[in-house]
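Let me begin by presenting the structure, written as C-alpha cells, before commenting on it.
The analysis underlying the following values was restricted to heavy atoms, covering all of them including side chains, and did not include hydrogens, waters or symmetry mates.
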Amino acid sequence: MPHLRPTPKAAFTFVEVLAAMLFMAIVIPAALRGIQIANRAGVVAARKSTAIQLADKLLNETLLTSNLRSSGQGGNFPDAYKDYRWRQSQRTWPEDAMREITVESSIWFKIRNTACVYPRW
C-alpha cells in the first residue's frame with residue numbers, strides 16, 4: 001500500500017488576517033464618513049426645498065390678496081416652520097410702470113456646532 005501524504009488544509013495565514021483587518025480598519029470609517037456626508041446633503045436639500053415652497057406660497061398669497069407690503073418687510077413662518085425666515089422687498093421696474101417683488105426665504109440650522117444660513121431661493 002502506497003504511503004499517502006496528508007494534504008495541507010487551506011487556511012489563512014496570520015499575516016493575511018492582519019492585512020485584511022488593517023484594510024477594513026481603513027475602509028469602514030471612510031465609507032461611514034461618505035454615508036454621513038450624503039445624509040447631510042439630503043437634509044440640506046430637503047430644507048432648501050421646503051424654504052422654496054414656503055417662499056413661493058408667501059409670494060402667491062401676497063399677489064392674490066393684493067397685500068403688497070412695504071419694502072423690507074420680513075418675519076418668521078408659522079410654528080411648524082419656526083426655523084424658516086422670510087424677507088420681502090419690492091422695487092420699481094426700470095422700463096415700465098410695474099413693480100418687482102422678491103421674497104427670500106432662509107433656514108438656520110446647526111451642523112457640528114456651526115450655524116448655517118442658506119438665503120435667497
Within this structure, what is the CD-CD distance for the pair Q88 and Q73, rounded to the nearest 0.5 Å? 7.0 Å
Before giving the answer on side-chain contact (heavy atoms from CB on, under 4.5 Å), spell out for I37 and R33 the whole-Å C-alpha distance, their side-chain angles and the decisive distance to 0.1 Å. CA-CA 6 Å; I37 289 170; R33 179 71 176 146; 4.0 Å; yes
Least distance between heavy atoms, E16 atom then A11 atom: OE1-O, 4.3 Å
Looking at every non-hydrogen atom in both residues, tell me the closest pair between N76 and W86 and how far apart they are. O-NE1, 3.6 Å
Taken to the nearest 0.5 Å, the spacing of Y81 OH from R47 CZ works out to 13.0 Å
Mind checking the OG1-CE spacing from T92 to M98? Nearest 0.5 Å is all I need. 11.0 Å
Say whether, by atom type as modelled, one donor and one acceptor occur between the side chain of S105 and the main chain of A55 under 3.5 angstrom. no
Residues L58, L54; criterion side-chain contact (heavy atoms from CB on, under 4.5 Å); working and verdict: CA-CA 6 Å; L58 181 67; L54 290 170; over 6 Å; no
How long is the span from the CG atom in L18 to the CZ atom in F12, to the nearest 0.5 Å? 13.0 Å
N60 (side chain) donor-acceptor with D56 (main chain) under 3.5 angstrom: yes
Neighbour count >12 (heavy atoms, 6.0 Å) for atom CE, M21: no
